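In this text, all values refer to a predicted model and were calculated from it rather than measured experimentally. Note that these values count all heavy atoms, side chains included, but never hydrogens, waters or copies made by symmetry. Numbers here simply count residues along the sequence, with the first being 1.
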Amino acid sequence: MPKKAKQNTLITAIVLSIITIILILTQKQGLMKAYVTRVVDGDTIKVEANGKTYTVRLIGVNTPETNHPTKGVEPYGPEAKEFSMKQLTGKTVWIQLDVEEKDKYNRLLAYVWLEKPVNFSEEEIRKKMFNAILLLEGYAQVMTVPPNVKYADYFVKFQREAFEKQKGLWGLSMYNENTKSDFVVYISKDGKKYHLKSCRYVDSKYFPVNIEEARQKGYTPCGICKPDEAYEEWKSK
């Protein structure tokens, strides 16, 4: 084989190897290219991907309602929906799954990336992931539902930033007078109790959730670190 032909063959092999690696990494991260056809609500969209139509519920966030059968239209719901429409309608996005693929309503559970992520750093999450952008801009509150907690720590941090800046819904009196969502406790995926971050039982696998959400879901306070006592002390300051 001529030297030039060997070089071309080698270059082709290298390019194919790189493409294969990229595809493997993409599949490993659960990424799927999709086209947004419609925004149902601030946190729910419809997409087309791989020849199929999906209803996608954004993981880890909850925007005020606009179409709820009993709650009706909630304050800042229309603004959140309009923001999502402007950012997503007719756009190509990247869908990233977590542990569970769908919820009980058969909606795909996903993180929606405006651009394909490279290293999944905090900087990329802030700039490219729409779930995070909703929180940072004050259009949504954190809603942690295990076992889909891949970015839960970041989401709690982003909500706190938006709250401190009184952005979006946090500028409304009904939200900014209620700061309880800022008190974070930690729960394991299979646990029944909530803990302070300093608790001896807490490790890197525990995920953050606000204390009121933990109570509403039926978790009980740890008897060692006593998060309820710490919460009451925190509220009195």
Side-chain angles (χ1 to χ4, degrees), residues 14-63 66-67 79-159 161-162 167-168 189 207-208:
I14 292 173
V15 170
L16 289 174
S17 296
I18 292 173
I19 292 174
T20 300
I21 291 171
I22 292 173
L23 288 173
I24 291 173
L25 289 175
T26 298
Q27 292 171 355
K28 185 177 180 181
Q29 292 295 341
L31 292 171
M32 176 175 67
K33 195 173 184 179
Y35 176 78
V36 181
T37 59
R38 180 188 164 207
V39 170
V40 179
D41 215 338
D43 52 29
T44 307
I45 62 177
K46 286 188 177 293
V47 305
E48 291 181 357
N50 300 326
K52 297 181 180 180
T53 299
Y54 299 92
T55 299
V56 178
R57 176 62 168 84
L58 276 63
I59 296 174
V61 300
N62 187 43
T63 60
T66 61
N67 302 307
E79 289 86 347
K81 182 176 181 178
E82 182 179 359
F83 180 74
S84 294
M85 290 175 65
K86 288 181 178 179
Q87 295 293 317
L88 299 177
T89 305
K91 302 291 180 62
T92 296
V93 297
W94 290 91
I95 301 296
Q96 181 185 16
L97 306 180
D98 205 327
V99 177
E100 294 179 327
E101 180 180 348
K102 295 184 178 181
D103 64 8
K104 62 182 180 180
Y105 303 109
N106 203 38
R107 299 178 299 187
L108 200 65
L109 299 172
Y111 305 101
V112 176
W113 294 83
L114 302 179
E115 297 178 39
K116 187 177 180 181
V118 178
N119 54 20
F120 300 87
S121 64
E122 180 176 343
E123 183 179 3
E124 273 202 311
I125 295 169
R126 286 175 176 272
K127 294 180 179 179
K128 298 180 180 180
M129 186 198 288
F130 191 66
N131 309 53
I133 292 170
L134 282 173
L135 292 168
L136 287 164
E137 295 301 320
Y139 289 103
Q141 299 183 62
V142 172
M143 186 177 74
T144 306
V145 181
N148 305 306
V149 297
K150 188 177 184 67
Y151 299 103
D153 283 310
Y154 289 118
F155 287 0
V156 170
K157 178 180 180 180
F158 298 160
Q159 175 174 287
E161 290 180 19
K167 298 191 74 171
K189 291 181 180 180
F207 63 91

Query raised in the report: Between CD1 of I45 and NZ of K81, what distance do you get to the nearest 0.5 Å?
Result: 13.0 Å
Query raised in the report: Mind checking whether E124 and V118 have side chains closer than 4.5 Å, heavy atoms only?
Result: yes
Query raised in the report: With a 4.5 Å heavy-atom cut-off, do T63 and S84 have their side chains touching?
Result: no
Query raised in the report: Within the side chain of D41, is there an N or O that forms a donor-acceptor pair under 3.5 Å with the backbone of T44?
Result: no
Report task. Salt-bridge test for E122 and K157: reply yes if a basic N is under 4.0 Å from a carboxylate O, no otherwise. Result -> yes
Query raised in the report: Would you call E161 and R126 a salt bridge, using N to O less than 4.0 angstrom?
Result: yes
Report task. Consider only side-chain N and O atoms of Q96 and Y151, and report whether a donor and an acceptor are under 3.5 Å apart. Result -> yes
Query raised in the report: NZ/K127 to OG/S121 distance, rounded to the nearest 0.5 angstrom?
Result: 9.0 Å
Report task. Can you label the angle between the F120 ring and the W113 ring as parallel, tilted or perpendicular, going by 30° and 60°? Result -> perpendicular
Query raised in the report: Of all residues at least two apart in sequence or in a different chain, which pass the side-chain hydrogen bond (donor to acceptor under 3.5 Å, both in side chains) check with N50?
Result: none
Report summary line: Heavy-atom nearest pair, I59 first then N131, reads O-ND2, 2.9 Å
Query raised in the report: Are a donor atom and an acceptor atom from the side chains of Y111 and D98 found within less than 3.5 Å of each other?
Result: yes
**Report entry** P117 side chain reached by L31 side chain, heavy atoms, under 4.5 Å
**Finding:** yes
**Report entry** Y54 side, atom OH; N106 side, atom CG - distance, nearest 0.5 Å
**Finding:** 10.5 Å
Query raised in the report: Distance only, no hydrogens: is a donor on one side chain within 3.5 Å (strictly under) of an acceptor on the other, for N62 and Q141?
Result: no
Report summary line: One should read off an interatomic distance between E48 CD and K33 NZ, to the nearest 0.5 angstrom, of 14.0 Å
Query - K116 to W94, cation-pi by 6.0 Å centre distance and 45° axis angle - result: yes
Query raised in the report: Is R57 salt-bridged to D43, going by a charged N under 4.0 Å from an acidic O?
Result: yes
Report task. Measure the OG1-CD distance between T92 and E115 for me, rounded to the nearest 0.5 Å. Result -> 12.0 Å
Query raised in the report: Between F158 and Y154, how do the two ring planes meet: parallel, tilted or perpendicular, split at 30° and 60°?
Result: parallel
Query - From L97 atom CG to E101 atom CD, the distance as rounded to the nearest 0.5 Å - result: 6.0 Å
Query raised in the report: Do the side chains of D103 and L108 get nearer than 4.5 Å, heavy atoms only?
Result: no
**Report entry** Polar contact flag, side-chain donor to acceptor under 3.5 angstrom, K46-T37
**Finding:** no
Requested in this report: Inspect the surroundings of CE in M143 and state if more than 12 heavy atoms from other residues, nucleotides or ligands are less than 6.0 Å away.
Outcome: yes
